[in-house]
Amino acid sequence: MKNLLTMEHVTKEEILDLIELAIEFKNGKKDTFTEQLYASNLFFENSTRTKLSFEMAERELGMKVIPFEVSTSSVQKGESLYDTCKTLEAIGVNALVIRHYEVEYYKELEELNIPVINGGDGSGQHPTQCLLDLMTIYQEFGYFEGLKVIIVGDIRHSRVAKSNALALKMLGADVKFVAPSIYTDQNVGDFVNFDDVIEEVDVCMLLRVQHERHKGDNLFKKEVYHEAYGLTLERYEKLKDRAIVMHPAPVNRGVEIADELVEAPKSRIFEQMTNGVHMRKAILKYIIEGK
Ligand code: CP
């Protein structure tokens, strides 16, 4: 694995290896790089979790982080993404984490000699979120085959939905989707009614309504969306004892999930963030060491 760009390129064996390594890190494994390495995180879209957990992972592995801010860089003078990345490679950076609004922005970077990790490409893919989500599910159940997963929300605009649908199906999970018609994407799989499946699911994965990709239209009133497509207290009570609730965050409280459920016993939302640091350490190790 030279880069991590899309879950389409990641095999079942690689997923299970990465989960195993991430769990070792979570259990206290210390494994810094033997030589001084440098990473740079290029975020052309906003981020809290992905950017900061990569920075935490890089520092914990002994890497030095070379700061890069789009707003003060030569991107503002028209520098292309390729030239920015080629420059970072030329000055000695060893790995790039990139989030960009263009779907498949990474296609023009594949021939570079510096590893690229995709931190999200528009509404395309979010492979590192997917891998930390898979780790969270695996830690809970110990397997994927036959698990009933529903992915609920703004499927059409969600890169998390696309990466998770692909990977979970490859791992043998039974994945269904819930969304209002304006947020559906028939390419991902079968759509069902939330209330028809809530009592059967093992994993209820909620997605943020991505207002920033709706071209300014606020198509649902908060309360209307929550009643029809949100995890309400009533729906939460119907979940199986062993079911878990996930959300990649940031959360629109009171929209995708009732405010008081964000930290409810079945919620793994903050556990996902903790796992994100360990999974990102595993990904950096795996890619930089050329596994
Ligand atoms: N889940 C996720 O990608 O969060 P950020 O946008 O804060 O990185």
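It should be emphasised that the depicted structure is a prediction, and the values quoted were computed from it without experimental measurement. Both counts, for ligands and for their atoms, begin at 1 and track the order of listing.
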Peer 1: For Thr6, run the side chain to side chain donor-acceptor pair (under 3.5 Å) check against Gln125, Arg159, Lys162 and tell me which one passes.
Peer 2: Gln125
Peer 1: So is Glu45 close enough to ligand 1, meaning a heavy atom under 4.0 angstrom away?
Peer 2: no
Peer 1: Going through the checks in order, is the ring pair (Phe, Tyr, Trp, His ring centres under 6.0 Å) test met by Phe25 and His278?
Peer 2: CA-CA 6 Å; Phe25 279 125; His278 302 295; 7.4 Å; no
Peer 1: For Thr48, counting its heavy atoms only, list the atoms of ligand 1 lying under 4.0 Å from any of them.
Peer 2: 5 (P), 7 (O), 8 (O)
Peer 1: Should Arg99 be counted as touching ligand 1, given the test is an N or O pair under 3.5 Å?
Peer 2: yes
Peer 1: For the salt bridge (charged side-chain N to carboxylate O under 4.0 Å, His left out) test, which of Arg242, Lys266, Lys240 pairs with Asp202?
Peer 2: Lys240
Peer 1: Any idea which of His247, His126, Arg208, Arg49 brings a heavy atom closest to atom 3 (O) of ligand 1?
Peer 2: His126
Peer 1: For the backbone of Tyr38 and the side chain of Asn94, can you confirm whether one donor and one acceptor N or O come within less than 3.5 Å of each other?
Peer 2: yes
Peer 1: In the protein, what heavy atom is nearest to atom 2 (C) of ligand 1, and what distance, to one decimal place, separates them?
Peer 2: Ala249 O, 3.4 Å
Peer 1: Kindly confirm or rule out an N or O of Pro248 lying under 3.5 angstrom from an N or O of ligand 1.
Peer 2: yes
Peer 1: Hey, does the side chain of Ser40 reach the backbone of Ile66 with a donor-acceptor pair shorter than 3.5 angstrom?
Peer 2: yes
